[in-house]
Amino acid sequence: MRMIRRLLPVRTATHYALLLACLAVFGAFLVWPIVLTISGGFVKDLDPKIAEKDGVFTATSPNGTRVTATQKDQSVTIHFADDSPDVVFSADGSMRAGPDGLGSLAVGPDGWQAGKARDGTRYKRRIAIVEGSDPDPPVLAVIVEPSDGSTVKVTPEWIIQTTPAREYTSEYVAGIFRDPLLRDGLINSFIIAVLTTGLCLAMSLPLAVIATSYDFRGKSIFSALVLVPLILPPFVGAIGLRQLLGRYGALNALLINWGWMDPAAPTNWLGGEFLSHTGHLTIIPGYLEIDGRIIGVVLMEALHLYPIIFLNVTAALANIDSALEQAAENLGASRWYRFRRITLPLILPGLFAGGTIVFIWSFTELGTPLMFDYYNVTPVQVFWGIQEMSNNPRPYALVAVMLGAAVMFYLLGKYAFGGRAYAMATRAASATSTRRLTGGKALLAVIPFAIVTLLAVMPHFGVIVASFAEPGSWYRTALPTALTTDHFTGALTHDLASGSIRNSLVYSVLAMSIDIGLGLLIAWLVVRSRVLKPLKQLTDALAMLPLAVPGLVLAFGFVAMTFRWPLPQMADWFKDHHLERLANMMQVTGQAPNPILFLVIAYAIRRLPYVVRSAVAGLEQTSGELEEAAVNLGAGPMYTMRRVVVPLIMANLIAGGLLAFSFAMLEVSDSLILAQTEEHYPITKAIYSLFERLGDGPYIASAMGVWGMALLTLTLVGASLMLGKKLGAVFRV
């Protein structure tokens with residue numbers, strides 16, 4: 001015992017206990033939902049065959065084992081095909097065995113009954129008495145074939161029930177690729193992800209190089225404006241983009257007024273009609289043709305996601321030692337050669353980190369295709385399959401294929417790009433030098449920022465203008481013909497809108513509170529604890545994993561949890577004890593679901609990386625000597641955390657908490673999937689529901705989007721002021 005205490009002091013043992021608790025949380029609410037989702041696509045239910053003739057029920061298990069149940073007066077006789085003693089089940093709950101039900105029934109302490117039949121074959125089955133709630137009598141359950149798990153159950157009402165057996169198979173996953181519609185959905189999702197990632201790289205890489213290489217008037221303003229797209233989810237921005245670039249949108253109205261377009265045949269820019277009159281684009285002649293609506297989806301997602309790559313590349317460029325480029329320049333290397341052979345290899349990790357998030361995000365994005373009425377993509381197909389999860393393994397298989405494809409693409413990218421990255425032998429000896437630009441050169445540096453910023457604010461402009469437009473006043477006109485502010489009032493007073501705002505506030509505050517507490521603990525364990533370094537790295541990796549796991553997959557996994565032990569059993573127990581509200585919280589689908597628990601957990605898990613990364617940055621900037629001094633003076637761990645650690649990193653916790661709160665308020669995938677009734681709709685689900693309604697629905701949805709933009713703007717400005725250049729670290733896997 002003394003040796004153990006020497007090897008593992010109490011303080012260190014506490015660290016390990018806390019770390020194991022964190023790993024348990026990740027296992028229960030991150031790993032387990034993913035495992036359920038993947039395994040659900042490989043499980044096949046094998047139903048026992050039931051036949052009835054003259055009151056005799058015959059059940060045949062999937063492997064051929066047979067059992068018969070015969071009702072006579074107030075008893076049921078169960079006969080096994082192996083010629084072992086029959087079992088007689090009476091209405092009073094008693095059970096007998098032997099010929100004609102005579103004699104006692106010998107059952108082992110674990111419920112299993114083993115023996116040898118008269119034909120010499122050995123059998124093993126379980127006779128289970130399942131106690132019912134008073135005044136219901138017990139129920140007899142007989143496992144017909146333990147090897148495959150199928151059961152035959154006789155209830156007190158003499159109803160023969162069966163539970164299917166299960167086996168693992170790949171036929172459902174293979175069926176995804178055989179189904180032309182589902183296969184096309186995967187291809188379309190992949191095309192969207194590739195085009196979105198490529199467009200984001202094309203926009204963000206030049207901006208990052210200019211921002212880190214040159215100084216010019218207005219640089220700080222334009223660098224801040226680059227982050228504008230983050231204040232509006234593409235799900236909401238699609239409303240504004242449709243108003244501007246749709247068939248009867250503002251752009252076409254201007255072109256018609258100028259005489260540059262035929263009013264009888266306006267172009268649907270978001271439908272790809274500017275590339276093809278049919279709206280269908282041929283990628284591979286005779287093999288691959290895609291719907292032109294992909295253009296709108298790609299444009300909207302790219303205009304929202306490019307700041308993620310910009311932040312990662314800017315951070316990577318800032319860490320490059322300027323002496324490397326100066327040495328190459330002195331040796332006669334051209335600017336393009338230096339960028340291609342020195343700069344680009346060194347920033348590949350940053351490019352890959354940002355590109356990975358963009359690719360996975362766009363590959364699994366649900367809201368944007370829904371808003372563009374483009375349903376032939378895998379995320380939307382998964383969304384429509386939620387209601388079939390209880391009895392159809394195809395949605396599970398579809399999500400498993402989508403997740404597997406995302407992981408495969410990530411590994412391919414890691415091998416192709418991440419593995420080829422170069423590293424400097426030492427840390428940068430001098431910061432990246434910048435050149436001052438004036439006159440025409442400064443104007444040339446501003447132009448790319450101005451163009452990208454103009455494109456990025458288009459959806460925001462459209463949403464803002466739509467929120468002021470009278471219903472029907474912005475149709476075939478460049479701007480609305482009548483304005484009103486009633487929609488903003490409606491966004492706060494409309495039953496669905498006001499209720500969703502209240503719900504989102506509750507969900508997001510609870511999720512933020514969980515994130516701050518858990519994130520602080522994880523960050524402290526990673527930076528300060530005395531546990532083994534591999535365990536620290538594992539905990540840190542699991543904490544950042546939600547950035548790489550698609551929200552759609554995680555939300556689907558939470559729904560899958562409601563069909564697996566122990567949640568259904570807990571729901572039944574609550575119902576038996578007349579705790580209906582708690583029982584409803586154990587389910588997402590069904591008669592009266594209450595998804596509050598799952599929404600809060602989903603929001604917290606999805607946004608936990610922001611708090612963890614912010615807290616880690618704060619702890620790394622502060623010395624641990626202050627904590628050691630407090631401990632040496634007799635302060636306990638909680639007192640030290642409360643009076644020393646938290647005040648030192650308060651700004652980081654507030655910044656991370658604000659990010660977690662605001663992004664939870666406008667979370668899309670979790671909200672659309674987990675909230676099934678209007679009573680529990682969060683903001684984004686209410687926006688989608690209102691947008692689908694006629695009348696003033698789309699305009700109230702736009703006003704709600706403007707309120708969300710204001711919230712995220714304040715949040716990002718505050719987080720940027722508190723974290724500075726480290727803001728980009730929260731968007732890095």
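- Two residues are said to be in side-chain contact when any heavy atoms from C-beta on lie closer than 4.5 Å; Cys22 and Leu521 meet this criterion.
- Within 6.0 Å of CD on Glu580 lie more than 12 heavy atoms contributed by other residues, nucleotides or ligands.
- For the residue pair Leu666 and Gly708, the shortest heavy atom distance occurs at CD1-O, 3.9 Å.
- Tyr603 and Ser671 are linked by a side-chain donor-acceptor pair at a separation below 3.5 angstrom, with hydrogens and angles left out of the test.
- In the model, Tyr639 has no side-chain atom that pairs as donor or acceptor with a side-chain atom of Arg642 under 3.5 Å.
- More than 12 heavy atoms of other residues, nucleotides or ligands shown are found within 6.0 angstrom of CZ on Arg528.
- No close placement of the Tyr396 and Tyr172 rings is indicated, their centers lying 6.0 Å or farther apart.
- Using a cutoff of 4.0 Å between basic side-chain nitrogens and carboxylate oxygens, Arg606 and Glu667 are scored as salt-bridged.
- Phe359 and Phe190 have perpendicular rings, their planes meeting at more than 60° on a 0 to 90° scale where under 30° would count as parallel.
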Stepwise side-chain contact (heavy atoms from CB on, under 4.5 Å) check, Leu567 with Gln587 = CA-CA 8 Å; Leu567 295 185; Gln587 56 187 6; over 6 Å; no

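- Of all heavy-atom pairs between His680 and Tyr507, the closest is O-OH, 3.1 Å.
- Two residues are said to be in side-chain contact when any heavy atoms from C-beta on lie closer than 4.5 Å; Val588 and Gln676 meet this criterion.
- Closest non-hydrogen pair, Gly557 versus Thr37, comes out as CA-OG1, 3.2 Å.
- The shortest non-hydrogen separation linking Ile514 to Ala604 is CG2-CB, 4.0 Å.
- Pairs engaging residues 535-560 under the side chain to side chain donor-acceptor pair (under 3.5 Å) rule: Asp540-Arg613 [sequence neighbours left out].
- Tyr306 and Ser204 make their closest contact through O-CB, 3.6 Å (heavy atoms, listed as atom of the first residue, atom of the second, distance).
- At a threshold of 4.5 Å between non-hydrogen side-chain atoms, the residues Leu535 and Tyr16 count as touching.
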